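Worth knowing before you read on, the calculation uses all heavy atoms, side chains too, and leaves out hydrogens, waters and symmetry mates. Since the model is a prediction, treat every value here as computed from it, not as a measurement.
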2 protein chains.
Amino acid sequence: MREFKRKSRILLIDDNADHLRGVKELITLESSYDVVGATTSANMGTNLAKKYRPDIILMDINMPEKDGLQTIQELEKLDLGVKVIALSGYDDADLIFRAMKLGAKGYVLKTMASAQLIYAIDEVASGKIYLPTALTSRFFEYFQRSFKEEAQTSTEENLLTYLTAREEEVLELLTQGNNYKGIAGKLFISETTVKTHVNNIFQKLQVNDRTQAVLYALNNGFANRKAIRA
Amino acid sequence: MREFKRKSRILLIDDNADHLRGVKELITLESSYDVVGATTSANMGTNLAKKYRPDIILMDINMPEKDGLQTIQELEKLDLGVKVIALSGYDDADLIFRAMKLGAKGYVLKTMASAQLIYAIDEVASGKIYLPTALTSRFFEYFQRSFKEEAQTSTEENLLTYLTAREEEVLELLTQGNNYKGIAGKLFISETTVKTHVNNIFQKLQVNDRTQAVLYALNNGFANRKAIRA
DNA sequence: CTATTTATCAATCCAAAGATGTAAGACAAA
DNA sequence: TTTGTCTTACATCTTTGGATTGATAAATAG
């Protein structure tokens with residue numbers, strides 16, 4: 001059932017014409033991949049991708065004209081099934097993180113050895129994700145830093161723990177945008193009872209109105225809390 | 001200024017006593033690390049960590065008694081500066097993702113070769129983050145999947161785009177829990193003007209009250225939108 | 001078994017929020 | 001210039017929200 005393995009088709013996008021030519025020669029001479037297109041324009045690149053349906057795109061993400069990251073996002077949204085490898089001159093953690101977040105299958109530095117670029121393409125072509133060790137470390141430092149606050153608030157003593165089960169139910173319906181009548185209807189209790197619960201919630205969360213209560217709930221892992229317990 | 005390099009101190013936590021003993025012997029015999037403690041209890045492990053301040057903890061995350069992931073979270077919150085390597089029998093993407101999210105500096109499978117475990121410790125001891133290639137791929141697949149919806153909604157046509165600049169300002173203050181008076185004060189305009197803006201926002205977002213407007217904003221990347229543009 | 005907590009409901013009362021219509025000045029585009 | 005949009009503003013009216021007090025039954029903890 002598996003189709004015959006053919007040469008992967010590659011599209012190159014790099015606003016630096018010299019570098020573009022260099023990479024093209026490298027791939028043509030030292031690998032068995034087909035370069036089906038090469039352009040210095042991001043917009044043109046998107047069009048070529050739609051036209052030639054390459055397996056892999058090597059995309060420079062440091063382009064002045066149009067942001068390479070944005071182009072990656074566009075390509076992913078088109079859902080062409082193409083695997084994008086980000087090419088960059090910078091090993092900036094934020095850049096790496098954003099590229100991977102947007103769906104890049106690899107991130108390689110322009111300063112890397114030719115052999116390593118070919119290796120990266122091989123890995124990505126075979127369905128894996130390729131990030132050099134050093135960049136993996138950078139990525140994770142950034143990743144963990146961005147989750148650190150969240151991890152702390154989610155276990156920290158928070159006022160939500162003082163709510164009773166019923167109050168949590170009411171609060172959940174509040175976080176779904178219900179008014180008193182809506183909540184009363186969904187819980188099969190009177191509107192005045194709902195008011196009582198909501199007032200108790202305000203006291204416990206030390207807020208003045210429902211919007212603040214909802215914001216408190218969302219900012220303090222209310223949804224997560226339930227998901228974890230479930 | 002750099003202090004003399006000493007042997008890294010390691011603490012082992014694994015509810016499987018046999019495996020615990022095996023790893024201890026491996027490290028003692030085939031590496032130059034000091035095993036300063038070894039326990040089958042997660043709670044005891046946390047205490048030992050506080051007492052002996054190891055450089056590295058090898059933590060089994062598949063323990064029935066207490067969740068290893070939860071223990072990692074506790075350790076990170078204590079901020080002991082210890083580097084935790086997650087040890088697991090499973091290469092489940094969700095497990096890997098959660099471990100790394102909580103701050104693990106590495107994730108190795110129990111089925112991996114001894115030499116690779118030592119290598120992982122070496123890497124982590126030197127300040128890097130270690131994930132075997134195969135697990136890195138799994139991690140990123142999970143990572144990118146979890147961001148896919150977000151990436152789509154953030155570019156999708158959404159009702160927020162119809163808001164004027166001023167309305168966005170007002171909405172932002174709404175998402176911070178302000179009432180009419182608060183918004184009027186912060187924007188130096190009258191309360192009735194704020195009401196006008198808010199009503200227009202309701203029309204454009206097709207909602208009935210401020211809570212729904214705030215929820216719509218938060219669920220459709222309102223904060224992100226601003227951060228990205230800035 | 002009693003004291004406390006929880007869930008339920010009600011009656012007020014006032015404040016805040018929301019709906020609707022109107023309108024003037026600024027400014028930009030056609 | 002005219003047209004349209006945006007921002008500002010006000011009046012009026014209705015509905016909803018929030019605070020307070022009090023009360024009852026059931027469950028739970030000590």
* Asked: Side chain of B:T193, base of D:dC10: donor and acceptor closer than 3.5 Å?
  ->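 Per atom types, no contact qualifies.
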
Check the phosphate of [N] against [X], side-chain N and O only, distance under 4.0 Å to OP1 or OP2. Yes or no?
X      : N      : answer
B:H197 : D:dT7  : no
A:Y180 : D:dG18 : yes
B:N199 : C:dA19 : yes

Between [N] ([atom2]) and [X] ([atom1]): distance, integer Å:
X      : N      : atom1 : atom2 : result
B:N178 : C:dA17 : CG    : P     : 10 Å
A:N208 : D:dT20 : CG    : P     : 11 Å
A:I189 : C:dA10 : CD1   : C1'   : 14 Å
B:F202 : D:dT16 : CZ    : P     : 14 Å
B:E191 : D:dA9  : CD    : C1'   : 13 Å
B:K195 : D:dT8  : NZ    : C1'   : 16 Å
A:N200 : C:dT5  : CG    : P     : 13 Å
B:I183 : C:dG18 : CD1   : P     : 10 Å

* Asked: Under 4.0 angstrom, heavy atoms only, what part of the nucleic acid is B:S190 near: base, sugar-phosphate, or nothing?
  ->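 The residue B:S190 makes sugar-phosphate contact but no base contact.
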
* Asked: What nucleic acid atoms does B:N179 come within less than 4.0 Å of, heavy atoms only: base, sugar-phosphate, or nothing?
  ->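 Sugar-phosphate, no base atom in range.
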
* Can you tell me how far the CD1 atom of A:I61 sits from the CD1 atom of A:I13, to the nearest 0.5 Å? ->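 Here the interatomic distance stands at 12.5 Å.
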
* Asked: Given D:dT16, D:dG18, C:dT6, which nucleotide is nearest the side-chain atoms of A:T164?
  ->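 Nearest to the side-chain atoms of A:T164, counting from C-beta on, is C:dT6.
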
* When you get a sec, tell me which of D:dT8, C:dG18, D:dT16 is the closest nucleotide to the side chain of A:K181? =>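 Closest nucleotide among those given: D:dT16.
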
* Determine, step by step, whether A:F143 and B:F97 satisfy the ring pair (Phe, Tyr, Trp, His ring centres under 6.0 Å) criterion, reporting the C-alpha distance in whole Å, the side-chain angles of both residues, the deciding distance to 0.1 Å, and the verdict. => CA-CA 11 Å; A:F143 174 73; B:F97 187 82; 5.5 Å; yes

* Asked: Only one of A:L95, A:I129, A:L87 clears side-chain contact (heavy atoms from CB on, under 4.5 Å) with A:Y107; which?
  ->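 Single side-chain contact (heavy atoms from CB on, under 4.5 Å) partner of A:Y107 among A:L95, A:I129, A:L87: A:L95.
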
* Start with the C-alpha distance between A:D14 and A:K110, add both sets of side-chain angles, then the distance that settles salt bridge (Lys or Arg N to Asp or Glu O under 4.0 Å), and finish with yes or no. => CA-CA 11 Å; A:D14 191 331; A:K110 289 187 173 181; 3.5 Å; yes

* Side-chain donor-acceptor contact under 3.5 Å, B:T192 with B:S190 ->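 Looking only at side-chain atoms, B:S190 and B:T192 do form a donor-acceptor pair, the distance falling under 3.5 Å.
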
